Participant: 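Here it is: the structure, laid out below.
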Amino acid sequence: MKKIRIMSIFGTRPEAIKMAPLLLELQRRPEIESIPCLTAQHREMLDSVMHLFGLSADYDLNIMEPGQTLSTVTAKALTGLGRVLDEARPDFVFVHGDTTTCFTAALAAFYAKIPVGHVEAGLRSGDVYSPYPEEMNRKLTGQIAALHFAPTAGNAENLRREGITDGIFVTGNTVIDAMRYTIDRFPGTFGNKLDDIDWPNRRIITLTCHRRENYGTPMQEIFKAAKTLVDRHPDIELVYPVHPAPAVREAAQAILGGTERIHLIAPLDTVQMHALLARSCLVLTDSGGLQEEAPALGKPVLVLRKETERPEAITAGTARLAGVAYDNILHEAERLLLDPTAYAAMANAVNPYGDGHAAERIVDAVLWRFGGMGERPGDFRPL
């Protein structure tokens, strides 16, 4: 059988974390020639993930520039990927999730008449402006893709409601595969001021906040609630790896800066972030990935958004929507900090997002579609 040439295109740190297990699985399969391609929509944070997993790219567009906009990222990625696809002529293209790289890569592949596989397909919030631009990116990618790798049965049903009925596979989420790889690789120290925390005698809250729709008043409300939590509870230390976007850094410093037991630090690499989650008692986040990662470690998640495209976590009880209002965030967090029964109910809930074998299912599905396997791969089902 002739090797199948598969190009995997991604450009941000979250994409790299979730695509890394897939790239490792592609390398393992003798039937496949793997061709990684980076847009480098984000540069530094992306490189650290590639290094961690021992990966390198065959193509790197290096499009990131100061002050880049959605329009400039889209134009540069689409033009550059058009050239790459013309040169490499892969048989199949993987894209991931909901970034601008994801959508433009799918569009470039469509223009080149190359079939697309959408990893982490079918997530929907129901509001095209929240998260923005991610919700529209993933909807448009879904219209282009030939194969749809949905993490959960609910994600698959979202696709069917939009009229997509062919090529859907329920695989679990590759982020759980990634955690299996990283969690044992933590060296024991963070290499920054976090090493001074009295970990055994403190309750650690991890905060992440960076989404565009939270800029301005919502972000200020979130940060004020986080500060009040620390002020009210002397045994709490709050760790916030601050996103490099200037709007985020400025708001964080203005409200949280200079506060005892609040640690504003640079973004952590993947191993460090997973280690921090493992040591935390509670996660406050507007991120998508942490809604999947933290429950795998038994950590309750309060989602700092008005809606989520990951309702399975809410249904399973591993996460709750806390919104972006000061009073509600404070109420939900203190309910968990002060009520051991409420905390245990979330910490012990079953994670609906995967069993660590998503990448294997995805590659098996591609091989089946290309005629390399006899039976259609089975779907992931939570225990």
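This is a predicted model, so every value here is computed, not measured. These values consider heavy atoms only, across backbone and side chains, with no hydrogens, waters or symmetry-generated copies.
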Participant: Given 3.5 Å as the limit, does a donor-acceptor pair link the side chain of N155 with the main chain of T152, or not?
Facilitator: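 Judged by distance alone, yes, a pair lies under 3.5 Å.
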Participant: Inspect the contact between R83 and E87 and indicate whether a charged nitrogen and a carboxylate oxygen are less than 4.0 angstrom apart.
Facilitator: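 Here E87 does not pair with R83 in a salt bridge, since their nearest N and O are not under 4.0 Å apart.
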Participant: Provide the full list of side chain to side chain donor-acceptor pair (under 3.5 Å) pairs with a residue in residues 139-149, sequence neighbours left out, each pair given once.
Facilitator: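 Listed once each, the pairs are K139-E162.
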Participant: Using side-chain contact (heavy atoms from CB on, under 4.5 Å) as the criterion, list what pairs up with D184, not counting sequence neighbours.
Facilitator: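 Here no residue qualifies.
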Participant: Quick one: does R180's side chain have a donor or acceptor within less than 3.5 Å of a partner on G356's backbone?
Facilitator: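 Here the side-chain-to-backbone pair exists.
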Participant: How many angstroms lie between atom CD of E237 and atom OG of S280, to the nearest 0.5 angstrom?
Facilitator: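 Rounded to the nearest 0.5 Å, the CD-OG separation comes out at 11.5 Å.
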Participant: Is I236 linked to V301 within one hydrophobic cluster, defined over Ile, Leu, Val, Met, Phe, Trp and Tyr using a side-chain heavy-atom separation of less than 4.5 Å?
Facilitator: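 Result: no, two separate clusters.
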Participant: Just do the side chain to side chain donor-acceptor pair (under 3.5 Å) check on T285 and T208 with the steps written out, would you?
Facilitator: CA-CA 5 Å; T285 185; T208 74; 2.5 Å; yes
Participant: Just how far is it from atom OG of S48 to atom CG of D269, taken to the nearest 0.5 Å?
Facilitator: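 Reported value, rounded in 0.5 Å steps: 6.0 Å.
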Participant: Side chain of T171, backbone of A358: donor and acceptor closer than 3.5 Å?
Facilitator: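 No: the side chain of T171 does not pair with the backbone of A358.
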Participant: Can you check side chain to side chain contact (heavy atoms under 4.5 Å, CB included) on I17 and L52, steps first, answer last?
Facilitator: CA-CA 10 Å; I17 293 168; L52 167 64; over 6 Å; no
Participant: Taking all non-hydrogen atoms of both residues into account, name the closest pair between A278 and L297 and its distance.
Facilitator: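 It is N-CD1, 3.7 Å.
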Participant: Is the shortest heavy-atom distance from the side chain of R211 to the side chain of E134 under 4.5 Å?
Facilitator: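 Yes; the side chains approach each other to less than 4.5 Å.
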Participant: Taking the side chain as C-beta and beyond, is there a heavy-atom pair between M50 and L38 under 4.5 Å?
Facilitator: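 The answer is yes; the side chains approach within 4.5 Å.
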Participant: Decide side chain to side chain donor-acceptor pair (under 3.5 Å) for T182 and T270; before the verdict, give the C-alpha distance in whole Å, the side-chain angles of both, and the deciding distance to 0.1 Å.
Facilitator: CA-CA 7 Å; T182 63; T270 308; over 6 Å; no
Participant: Going by the rule ring pair (Phe, Tyr, Trp, His ring centres under 6.0 Å), which residues pair with F190 if we only count those two or more places apart in sequence or in a different chain?
Facilitator: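 Once residues adjacent in sequence are excluded, the partners of F190 under the ring pair (Phe, Tyr, Trp, His ring centres under 6.0 Å) criterion are F186, W199.
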Participant: What residues, two or more places apart in sequence or in another chain, satisfy ring pair (Phe, Tyr, Trp, His ring centres under 6.0 Å) together with F223?
Facilitator: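 For F223, the residues satisfying ring pair (Phe, Tyr, Trp, His ring centres under 6.0 Å) (neighbours in sequence not counted) are Y240.
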Participant: May I have all residue pairs that pass salt bridge (Lys or Arg N to Asp or Glu O under 4.0 Å) and include part of residues 220-229, sequence neighbours excluded?
Facilitator: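 For residues 220-229: K227-D231.
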Participant: Could you walk me through whether Q291 and T308 pass side chain to side chain donor-acceptor pair (under 3.5 Å), step by step?
Facilitator: CA-CA 9 Å; Q291 296 176 52; T308 179; 2.8 Å; yes
Participant: Atom CG in D47, atom CG in N62: separation rounded to 0.5 Å?
Facilitator: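 Taking CG in D47 and CG in N62, the distance rounds to 8.5 Å.
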Participant: If we check side-chain contact (heavy atoms from CB on, under 4.5 Å) with E332, which of these qualifies: L284, L282, L302?
Facilitator: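 Result for side-chain contact (heavy atoms from CB on, under 4.5 Å) with E332: L302.
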Participant: So, the side chain of D355 versus the backbone of P382: is there a donor-acceptor pair under 3.5 Å, distance only?
Facilitator: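 The answer is no, because no donor-acceptor pair under 3.5 Å joins these two groups.
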Participant: List the atom pairs, donor and acceptor, that lie under 3.5 Å between side-chain atoms in residues 243-253 and the rest of the protein, sequence neighbours left out.
Facilitator:
{"unit_1": "H243", "atom_1": "ND1", "unit_2": "A245", "atom_2": "N", "d": "3.1"}
{"unit_1": "R249", "atom_1": "NH1", "unit_2": "P244", "atom_2": "O", "d": "2.1"}

Participant: Determine whether R261 and D198 satisfy the following criterion, salt bridge (Lys or Arg N to Asp or Glu O under 4.0 Å), listing intermediate values before the conclusion.
Facilitator: CA-CA 11 Å; R261 291 180 287 111; D198 183 7; over 6 Å; no
Participant: F94 and L85: same hydrophobic cluster, using ILVMFWY side-chain contacts below 4.5 Å?
Facilitator: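 No, it is not one cluster - the side chains of F94 and L85 are not joined through contacts under 4.5 Å.
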Participant: Quick one: hydrophobic cluster around I168, which other residues, with the 4.5 Å side-chain cut-off, linked directly or via members?
Facilitator: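 Cluster partners of I168: L159, I164.
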Participant: Are the side chain of Q41 and the backbone of T101 linked by a donor-acceptor contact shorter than 3.5 Å?
Facilitator: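 Here the side-chain-to-backbone pair exists.
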Participant: Indicate, with yes or no, if I329 and V230 share a hydrophobic cluster defined by side-chain heavy-atom contacts under 4.5 Å among Ile, Leu, Val, Met, Phe, Trp and Tyr.
Facilitator: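 Linked, V230 and I329 end up in one cluster.
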Participant: Please name all residues satisfying side-chain contact (heavy atoms from CB on, under 4.5 Å) with P340, sequence neighbours left out, ordered by chain then number.
Facilitator: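 By the side-chain contact (heavy atoms from CB on, under 4.5 Å) rule, P340 matches no residue at all.
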Participant: Just by modelled atom types, is the R305 backbone N or O under 3.5 Å from a matching donor or acceptor in the D286 side chain?
Facilitator: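 No, because the side chain of D286 does not come within donor-acceptor range (under 3.5 Å) of the backbone of R305.
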Participant: Would you check if L238 and L229 make a side-chain contact, meaning some heavy-atom pair closer than 4.5 Å?
Facilitator: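 No, side chains not in contact.
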Participant: Rounded to the nearest 0.5 Å, what's the gap from CD1 on I32 to CD on Q27? Could you check?
Facilitator: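 So the gap between those two atoms works out to 11.0 Å.
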Participant: Can you list every pair that meets ring pair (Phe, Tyr, Trp, His ring centres under 6.0 Å) and has a residue in residues 306-363, with sequence neighbours left out?
Facilitator: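 Matches after skipping sequence neighbours: none remain.
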Participant: Please name all residues satisfying ring pair (Phe, Tyr, Trp, His ring centres under 6.0 Å) with F53, sequence neighbours left out, ordered by chain then number.
Facilitator: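 Counting only residues at least two positions away or on another chain, F53 forms a ring pair (Phe, Tyr, Trp, His ring centres under 6.0 Å) with Y181.
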Participant: How about K76 and L61: do any of their side-chain heavy atoms sit closer than 4.5 Å?
Facilitator: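 No, too far: nothing below the 4.5 Å cut-off.
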Participant: Under a single-linkage rule joining Ile, Leu, Val, Met, Phe, Trp and Tyr whose side-chain heavy atoms are separated by less than 4.5 Å, which residues share a cluster with M64?
Facilitator: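 Under the 4.5 Å side-chain rule, M64 groups with nothing.
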Participant: Check step by step if side chain to side chain contact (heavy atoms under 4.5 Å, CB included) holds for L22 and F10.
Facilitator: CA-CA 12 Å; L22 181 57; F10 53 101; over 6 Å; no
Participant: Holding to side-chain contact (heavy atoms from CB on, under 4.5 Å), I want the full list of residues that pass it with S125, two or more places apart in sequence or in another chain.
Facilitator: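 For S125 the side-chain contact (heavy atoms from CB on, under 4.5 Å) partners, ignoring immediate neighbours, are D127, P131, E135, R138, E307, E309.
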Participant: Consider only side-chain heavy atoms of I, L, V, M, F, W and Y, link residues closer than 4.5 Å, and tell whether L304 and M346 are in one cluster.
Facilitator: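 Yes, same cluster.
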Participant: Quick one: pull up CG in L46 and OG1 in T12 and give me the separation to the nearest 0.5 Å.
Facilitator: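 Here the interatomic distance stands at 7.5 Å.
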Participant: Give a yes or no on whether the backbone of R335 and the side-chain of D339 come within a donor-acceptor separation of less than 3.5 Å.
Facilitator: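 No.
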Participant: I want to check a possible cation-pi pair here: R376 against F169, using under 6.0 Å from ring centre and within 45° of the ring axis as the test.
Facilitator: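 Yes, R376 and F169 form such a contact.
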Participant: Kindly indicate, with the supporting measurements, whether the criterion side chain to side chain contact (heavy atoms under 4.5 Å, CB included) is fulfilled by L290 and M273.
Facilitator: CA-CA 10 Å; L290 263 64; M273 191 65 198; 3.9 Å; yes
Participant: Evaluate the side-chain proximity of R212 to L70: yes if any heavy-atom separation is below 4.5 Å, no if none is.
Facilitator: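 When only atoms from C-beta onward are counted, R212 and L70 do touch, with a gap below 4.5 Å.
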Participant: Between L81 and A105, which heavy-atom pair has the shortest distance, and what is it?
Facilitator: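 Closest approach of L81 to A105, heavy atoms only: CD1-CA, 3.6 Å.
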Participant: For C281 and L337, run side chain to side chain contact (heavy atoms under 4.5 Å, CB included): C-alpha distance rounded to whole Å, both residues' side-chain angles, the deciding distance at 0.1 Å, then the answer.
Facilitator: CA-CA 9 Å; C281 73; L337 293 172; 4.2 Å; yes
Participant: With a 4.5 Å heavy-atom cut-off, do C102 and H118 have their side chains touching?
Facilitator: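 C102 reaches H118 side chain to side chain.
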Participant: Which of these, T174, V119, N173, sits in a side-chain contact (heavy atoms from CB on, under 4.5 Å) with F149?
Facilitator: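 Only one option passes, and that is V119.
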Participant: To the nearest 0.5 Å, what is the distance between CG on L268 and OG1 on T206?
Facilitator: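 The CG atom of L268 sits 8.5 Å away from the OG1 atom of T206.
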Participant: Check whether any side-chain heavy atom of D177 sits under 4.5 Å from a side-chain heavy atom of L24, and report yes or no.
Facilitator: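 Not touching, per the 4.5 Å side-chain cut-off.
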Participant: Just so I know, are the side chains of R310 and V303 near enough to count as touching, which here means a heavy-atom distance under 4.5 Å?
Facilitator: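 SC-SC contact between R310 and V303 ruled out.
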Participant: Out of curiosity, does V128 fall in the hydrophobic cluster containing L107 (side-chain heavy atoms, cut-off under 4.5 Å, transitive links)?
Facilitator: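 Cluster IDs for L107 and V128 match.
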